[in-house]
Amino acid sequence: MASISSNETVTQREQSMVLEDVKLIYTIFADVPPKTKLLLLELHRDNHMEYLLSGLQQLGPSFCVLDANRPWICYWILHSIALLGESIATGLEDRTIDFLSRCQDPDGGYGGGPGQMPHLATTYAAVNSLITLGDEKSLSSIDRDKIYRFLLSMKDSNGAFRMHDAGEMDVRACYTAISVASVLNILDNELVRDVGNYILSCQTYEGGISGEPGSEAHGGYTFCGLATMILINEVDRLDLATLLDWVVFRQGVEGGFQGRTNKLVDGCYSFWQGGIFALLQRFHTIIGESMTLLDAGQANCADSSLTTVESDISDGEESLDGISSSDGEACVTQQGGRIISKGGDEACFFQPGGREPLFNSIALQRYILLCSQDSGGGLKDKPQKGRDHYHTCYCLSGLSVSQHCWSKDEDSSPLPGAVLGPYFNLLEPINPIHNVVLERYREAQEFFTRA
């Protein structure tokens with residue numbers, strides 16, 4: 001391996017390698033005929049289904065390190081299948097419900113496997129899995145009273161939640177607890193008490209949200225913090241303008257998102273960062289008017305023209321470094337791995353209820369389909385990485401978000417222009433706050449309202 005120069009960090013070197021990989025993919029794509037382009041942009045549904053069903057039925061010995069994450073594996077696979085508009089056979093569904101029931105602790109909550117300690121993360125994964133399966137048998141298997149007692153036992157005196165008995169306390173724990181309570185219709189004032197204060201203490205000077213006070217802003221935690229504040233009706237307490245500014249600049253020249261400042265693009269942030277925009281758009285009636293105007297000098301192209309990566313990457317370095325607006329006039333550029341504005345003193349206007357997405361949805365779809373999709377099935381972090389169920393789930397979730405972000409409301413089907421590649425690529429819409437397919441979420445809400 002070549003030595004790193006004194007003026008180049010490891011991250012900068014790795015970023016250059018990723019840019020070269022992406023540039024090669026986009027250059028090849030730009031040079032092929034239109035019909036071939038359409039084929040390259042096709043979502044390989046059959047291959048993805050084969051990969052997912054295989055994982056749900058039998059995993060190899062290398063997965064033993066994920067023994068405490070088996071409800072997560074169920075969720076990643078089941079949610080991916082649901083996004084593809086498919087379902088599993090009745091026998092396999094019954095076995096999945098039986099397995100998850102054996103993960104349910106006698107005192108409430110779900111562990112990583114039968115007999116394991118109940119944990120907020122695997123409780124979230126198990127509940128979302130059972131909601132995704134969606135029939136009465138799966139929903140009625142959830143003991144809501146015991147889950148409520150478990151959630152309450154995880155609540156700390158400062159208002160936050162611990163992941164498990166004597167475990168870590170962070171924004172992820174707050175989100176998983178509040179999300180589960182909300183979707184099961186057991187959220188009350190006792191669970192909500194002082195959660196907002198804790199989330200607020202985790203918003204950093206950058207605008208994003210960290211896992212705990214004093215840490216670095218992170219895409220996953222920002223999603224969790226924002227979603228939690230929406231669920232407890234305290235989102236207006238956040239500095240939403242700086243939060244939007246931070247997340248806007250996490251979309252890189254590759255078209256995908258990075259999770260933190262000066263880090264590499266990663267396919268999973270297609271949802272963790274892209275989902276933030278879905279929350280800001282879908283829940284604008286809760287958010288109100290506080291984000292109508294961003295301060296001068298902040299994200300200067302935070303509308304639909306933010307980052308349209310040029311389709312013809314074959315023109316050389318200029319087209320990798322330049323990002324064009326929809327009318328062809330450059331509004332931002334990349335320098336040193338960071339996108340910077342060229343808008344001078346002009347401020348950006350943002351209408352939360354508007355139809356235009358707040359990120360470049362087509363560039364994100366291009367990255368997912370060309371750089372994160374494994375032709376043999378499954379999706380991955382970035383070129384040169386291997387597929388896995390986690391990235392398959394969150395790449396597909398981000399793909400759904402980017403396809404549906406132009407829709408007037410959540411029940412509207414996207415126009416063909418909003419879906420990159422053949423319209424066959426269109427995935428099911430999700431409820432972005434819980435990341436479950438919208439239809440399954442609504443069925444669960446009806447079930448738990450009358451239960």
Side-chain donor-acceptor pairs under 3.5 Å in residues 430-440, sequence neighbours left out?
| unit_1 | atom_1 | unit_2 | atom_2 | d |
| --- | --- | --- | --- | --- |
| N431 | OD1 | I433 | N | 3.1 |
| N431 | OD1 | H434 | N | 3.1 |
| H434 | ND1 | S179 | OG | 2.8 |
| N435 | OD1 | H79 | NE2 | 3.0 |
| N435 | OD1 | S397 | OG | 3.3 |
| N435 | ND2 | Y75 | OH | 3.2 |
| N435 | ND2 | S397 | OG | 3.3 |
| R440 | NE | E443 | OE1 | 2.9 |
| R440 | NH2 | E443 | OE1 | 3.3 |
| R440 | NH2 | E443 | OE2 | 3.0 |

- Query: For T222 and W246, does a side-chain donor sit closer than 3.5 Å to a side-chain acceptor?
  - Reply: no
- Message: Applying the side-chain hydrogen bond (donor to acceptor under 3.5 Å, both in side chains) criterion to Y269, which one of H218, R250, Q251 satisfies it?
- Response: H218
- Message: Could you tell me if D245 and T242 have a donor-acceptor pair between their side chains, going purely by distance under 3.5 Å?
- Response: no
Return all side-chain donor-acceptor pairs below 3.5 angstrom for residues 205-212, not counting sequence neighbours, or 'none' if the list is empty.
| unit_1 | atom_1 | unit_2 | atom_2 | d |
| --- | --- | --- | --- | --- |
| E206 | OE2 | T261 | OG1 | 2.5 |
| S210 | OG | C202 | O | 3.0 |
| S210 | OG | E212 | O | 2.7 |

- Closest heavy-atom contact between T132 and A82? CG2-CB, 3.7 Å
- Task: Show your reasoning for whether salt bridge (charged side-chain N to carboxylate O under 4.0 Å, His left out) applies to D94 and K137.
- Result: CA-CA 9 Å; D94 289 341; K137 181 179 179 181; 3.2 Å; yes
- Query: Is a side-chain donor or acceptor of T96 paired with a backbone partner of L92 at a separation under 3.5 angstrom?
  - Reply: yes
- Task: Could you check whether the rings of Y51 and H389 sit parallel, tilted or perpendicular, using 30° and 60° as the cut-offs?
- Result: parallel
- Scan side-chain atoms only and decide if E8 and Q15 contain a donor-acceptor pair under the 3.5 Å cut-off. no
- Message: Using every non-hydrogen atom in the two residues, find where I97 and S138 come nearest and quote the distance to one decimal.
- Response: CD1-CB, 3.6 Å
- Report yes or no: does Q365 contribute a side-chain atom to a donor-acceptor pair with the main-chain N or O of L399 at less than 3.5 Å? no
- Task: Give the minimum heavy-atom separation between S400 and E428, together with the two atoms involved.
- Result: OG-O, 2.7 Å
- Intermediate values then yes/no, side chain to side chain donor-acceptor pair (under 3.5 Å), S361 and W406: CA-CA 9 Å; S361 60; W406 282 90; 3.1 Å; yes
- Item | Side-chain heavy atoms of L43 within contact of L427, under 4.5 Å | yes
- Note on the structure: C393 and S80 have their tightest heavy-atom pair at CA-OG, 3.2 Å
- Task: Starting from the C-alpha separation in whole Å, work towards a yes-or-no answer on side chain to side chain donor-acceptor pair (under 3.5 Å) for N185 and R144.
- Result: CA-CA 9 Å; N185 197 28; R144 294 193 301 158; 5.9 Å; no
- Please check if the side chain of K37 supplies one atom and the backbone of A30 the other of a donor-acceptor pair under 3.5 Å. yes
- Item | is_close_aromatic(W272, Y221), centroid dist under 6.0 Å | no
Can I get a per-line list of side-chain donor-acceptor pairs under 3.5 Å for residues 444-451, giving both atom names and the distance, sequence neighbours left out?
| unit_1 | atom_1 | unit_2 | atom_2 | d |
| --- | --- | --- | --- | --- |
| Q445 | NE2 | V183 | O | 3.4 |
| T449 | OG1 | Q445 | O | 2.5 |

- Are more than 12 heavy atoms from other residues, nucleotides or ligands located less than 6.0 Å from atom CG of D409? yes
- Plane angle bin for Y175 and F223 - parallel if under 30°, tilted between 30 and 60°, otherwise perpendicular: perpendicular
- Among E42, R387, H48, whose side-chain hydrogen bond (donor to acceptor under 3.5 Å, both in side chains) with Q373 holds? H48
- Query: Should we count CD of E50 as having more than 12 external heavy atoms under 6.0 Å?
  - Reply: no
- Query: Taking all atoms of both residues into account, what is the closest heavy-atom pair of L264 and T11, and its distance?
  - Reply: CD2-O, 3.9 Å
- Task: Give a yes or no answer on whether the side chain of K382 reaches the backbone of C371 with a donor-acceptor pair at less than 3.5 Å.
- Result: no
- Closest non-hydrogen atom pair, R237 against L200: O-CD1, 3.2 Å
